[in-house]
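We count residues from 1, following the sequence as given. Just so it is clear, the values below take in all heavy atoms, side chains as well, and ignore hydrogens, waters and symmetry mates. Whatever order the structure lists them in is the order used to number ligands and atoms, beginning at 1.
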Amino acid sequence: MTTKNKSEKDYSIYFQPPSLSDAKKRGKEDIQVHYDFDIPEEMREIGKDKYYLIQTYGCQMNEHDTETIKGLLEQMGYRSTDDRKQADIILLNTCAVRENAEDKVFGELGHLKHLKIEKPSLILGVCGCMSQEESVVNRILKKHPFVDLIFGTHNIHRLPFLLKEAMFSKEMVIEVWSKEGDIIENLPKKREGIKAWVNIMYGCDKFCTYCIVPYTRGKERSRLPQDVIAEVRDLARQGFKEIMLLGQNVNAYGKDFDDMKYGLGDLMDEVRKIDIPRVRFTTSHPRDFDDHLIEVLAKKGNLMEHIHLPVQSGSNEILKRMSRKYTREHYLELVAKIKKAIPDVVLTTDIIVGFPGETDEQFEETISLVQEVGYDSAFTFIYSPREGTPAAGMEDNVPYEVKRDRLIRLNDVLNVYAKQSNERLKGQTLEVLVEGESKNNAAVLAGRSRTNKLVHFEGPKELVGRFVQVKITETPTFYIKGELVGEAVAQ
Ligand code: 5AD
Ligand code: SF4
């Protein structure tokens, strides 16, 4: 256990700053699964009549961690609020994947200082991926000393103890474990709505050279299939309509099981038989995407025909320097195999432009790959150097303006394909899971198709949480519009 306060100056032993050589020495041996988590009786009243507010940045993994943190706080008696002034605890669950995500958090800390001055009893905490970085913790210590609590991604289950300590200590409480081998199974989770996230694995061992995740989230460790399946069954019983299986690299699921050969395809084949209407998974890595998984996905049913398959670049040279461990040809072959097995599949992707030293020709190879695959949509990013990762040390002679222009050009090309694929849907009737009212117009409902398209249509609020048939009439780029057809399908 490593809990420290501000007056004890040597923090170095509490952090493992990103180090490729150290991280790659990871052993498999000590993954332990715990089923005995409990909040001690004397801590269950600590939050009585008090409120919490959590701001979450970054990926779905973080969103799901926030659900766990909320679950823990509610078991301690706290209630949720959206009003910062009412909050007794404000936590920032942070993302470290790009610099602008980090800048947002530091900006927010600047604003929160005033609240802390007005209400000194307020507990301000920072958790998530940024807290795993030594440089971030040092910056908070120096520039934002009013922060009360910092805890890491492997320390979420310790929150009740840390919170208690932060309340009674005058010093900043910091606990960031670099230990990463454990899985705590029975943490409470506060889920809302009709869709639920389910972790199937934690961490990442791929070490793409630009990426901070293998350092902030630790080594790959898979939850046991029986634990995942029990959770999905329970969610089905509770009436959830859709689950998203989560991992940084879900195709590596099961690789850490020493005593059995069991992968994502096997898991999906079992989840397929559970009575939950929709199942999705993210994020895939092309290198580990195997034939068995494709075969299982082709059975469809509750497995959706949408695959998010990050490519990052279309240039073999850049892919090599990113250490993605596949070539453009291998990626395109995989896409062809998937399209053959699931002809109506929708593919989406992640792309980084302006990787150190990326030439115009190499960027054009990304454009041609995008044209060849015809993605429905993509998340596109300008490369952002992350301290301690190998790419951050690579020479980069590409000016920022060039990178920005590449991003604009890439997005223009992607939009052409997004529009085309939407236009193909005109006149078709789609099954839509109704998620809520549209943001700008309460008379319009918003839902998702099987392929995760955002669909708007007019209808009564009572349809929220139900499946309906919608005939598509209009197809702007970022969503599609339609008309309700017939009765809602009861599910
Ligand atoms: N710079 C820019 N984009 C990044 N991503 C990960 N690391 C970086 C970085 N250093 C992108 C990748 C990944 C997505 C989640 O974020 O495209 O798939
Ligand atoms: Fe990061 Fe994904 Fe590569 Fe893992 S597979 S290192 S999470 S980009």
For [X], take its heavy atoms, then give the atoms of ligand 2 lying under 4.0 Å from any of them.
X    : result
H285 : 5 (S)
V213 : 7 (S)
Y210 : 8 (S)
R324 : 3 (Fe), 8 (S)
P214 : 6 (S)

With heavy-atom distances below 4.0 Å as the criterion, list the atoms of ligand 1 near [X].
X    : value
R386 : 10 (N)
Q312 : 12 (C), 13 (C), 17 (O), 18 (O)
I352 : 3 (N), 4 (C), 5 (N), 12 (C), 17 (O)
V97  : 6 (C), 7 (N), 8 (C), 9 (C), 10 (N)

What I want to find out is whether [X] reaches [Y] closely enough, with some N-O distance under 4.0 Å, to be called a salt bridge.
X    : Y    : result
K70  : D65  : no
R406 : E401 : no
E295 : K337 : no
R280 : E242 : yes
D376 : K453 : yes
R191 : E231 : yes
D288 : K206 : yes
E372 : R328 : yes
K403 : D396 : yes

Does a sphere of radius 6.0 Å around [atom1] in [X] hold more than 12 heavy atoms from other residues, nucleotides or ligands, not counting ones at 6.0 Å or beyond?
X    : atom1 : result
K339 : NZ    : yes
R233 : CZ    : no
K113 : NZ    : no
F37  : CZ    : yes

Looking only at distances, can you tell me whether any N or O atom of Y383, backbone or side chain, sits closer than 3.5 Å to an N or O atom of ligand 1?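 No; every N/O pair is 3.5 Å or more apart.
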
For ligand 1, is there an N or O atom under 3.5 Å from any N or O atom of Y210?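 Such a contact does occur with ligand 1.
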
Provide, to 0.1 Å, the distance between [atom] and the closest protein heavy atom, together with that atom's residue and name.
atom                    : value
atom 3 (N) of ligand 1  : R98 NH1, 3.4 Å
atom 15 (C) of ligand 1 : D350 OD2, 3.8 Å
atom 1 (Fe) of ligand 2 : C211 SG, 2.3 Å
atom 3 (Fe) of ligand 2 : C208 SG, 2.3 Å
atom 2 (Fe) of ligand 2 : Q248 O, 4.1 Å

For ligand 2, is any non-hydrogen atom under 4.0 Å from [X]'s backbone (N, CA, C, O), its side chain (CB onward), both, or neither?
X    : value
F207 : backbone
C204 : side chain
P310 : neither

Please work out which of C95, S384, A392 has its closest non-hydrogen atom nearest to atom 10 (N) of ligand 1.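 Minimum heavy-atom distance to atom 10 (N) of ligand 1 goes to S384.
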
Can a non-hydrogen atom of I382 be found less than 4.0 Å from any atom of ligand 1?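 Checking ligand 1 against I382, which is what was asked, there is a heavy-atom contact under 4.0 Å.
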
